[in-house]
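A quick write-up on the structure given underneath.
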Amino acid sequence: MSWAWEYHPDEDTRVGGMPPVFVALVEGKAAELVRAAEAKYLDGTLYEGFSEPGTVFVGGGMFDYLIIQRHERVYIMQVTPPL
């Protein structure tokens with residue numbers, strides 16, 4: 001398996017209709033989270049602890065994510081665009 005990120009449940013549900021510039025910022029930060037998780041959990045499939053939730057503020061908005069180590073995934077759970 002390889003670390004990656006994805007929208008949960010899907011891209012259209014999370015960022016459909018949002019400004020493309022903001023979506024690009026969200027996706028850039030998601031990629032950073034993947035690199036950090038990959039370094040922290042060298043073999044996530046063997047991890048036996050708790051999932052790691054978090055919030056990132058970006059471009060005047062924010063998004064909530066959940067790291068599921070055993071899936072080797074960063075799931076974008078909620079995106080709030082700038083006002």
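For the side chain to side chain donor-acceptor pair (under 3.5 Å) test, no residue two or more places apart in sequence or in another chain qualifies with Ser2. Scanning for side chain to side chain donor-acceptor pair (under 3.5 Å) contacts around Glu27 gives Tyr7, with sequence neighbours left out. Here Thr80 pairs with nothing under the side chain to side chain donor-acceptor pair (under 3.5 Å) rule; sequence neighbours left out. The side chain to side chain donor-acceptor pair (under 3.5 Å) test applied to His8 returns no partner, not counting sequence neighbours. Contacts of Pro9 classified as side-chain contact (heavy atoms from CB on, under 4.5 Å), with partners at least two apart in sequence or in another chain: Thr13, Arg14. Partners of Phe57 by side-chain contact (heavy atoms from CB on, under 4.5 Å), not counting sequence neighbours, listed by chain and number: Thr55, Met62. Take Asp12 and apply the side-chain contact (heavy atoms from CB on, under 4.5 Å) test, not counting sequence neighbours, and it matches Asp10. With sequence neighbours excluded, no residue forms a salt bridge (Lys or Arg N to Asp or Glu O under 4.0 Å) with Glu11. In terms of the salt bridge (Lys or Arg N to Asp or Glu O under 4.0 Å) criterion, residue partners of Glu6 (sequence neighbours excluded) are, by chain and number, Arg73. With sequence neighbours left out, the side-chain contact (heavy atoms from CB on, under 4.5 Å) criterion links Leu25 to Val58.
With hydrophobic clusters built from ILVMFWY side chains whose heavy atoms lie under 4.5 angstrom apart, Ile76 shares a cluster with Met18. Clustering ILVMFWY residues whenever any of their side-chain heavy atoms sit less than 4.5 angstrom apart, transitively, puts Val74 in the very cluster that holds Val79. Hydrophobic clustering (ILVMFWY, side-chain heavy atoms < 4.5 Å, transitive): Val34 and Tyr75 are in distinct clusters. Cluster annotation: Leu33 and Val23 are assigned to the same hydrophobic cluster (Ile/Leu/Val/Met/Phe/Trp/Tyr, side-chain heavy-atom contacts under 4.5 Å, transitive).
Sorted by first then second residue, the side-chain hydrogen bond (donor to acceptor under 3.5 Å, both in side chains) pairs that include residues 17-26, not counting sequence neighbours, number zero. Listed by first and then second residue, the ring pair (Phe, Tyr, Trp, His ring centres under 6.0 Å) pairs that reach into residues 16-41 are Tyr41-Tyr47, sequence neighbours excluded.
Between Phe63 and Tyr65, the angle of the ring planes lies from 30° to 60°, which puts this pair in the tilted group.
Using a cut-off of 4.0 Å between Lys/Arg side-chain N and Asp/Glu carboxylate O, Glu32 and Lys29 are scored as salt-bridged. Between Glu48 and Arg70 there is no salt bridge, since none of the side-chain N atoms of the basic residue sits less than 4.0 Å from a carboxylate O of the acidic one.
In this structure, Ser51 and Leu66 approach most closely via the heavy-atom pair CB-CD1, 3.8 Å.
Residues Lys40 and Glu52 are in side-chain contact: their nearest non-hydrogen atoms beyond the backbone lie under 4.5 Å apart.
None of Gln69, Glu72, His71 except one satisfies the side chain to side chain contact (heavy atoms under 4.5 Å, CB included) rule with Thr45; the exception is Glu72.
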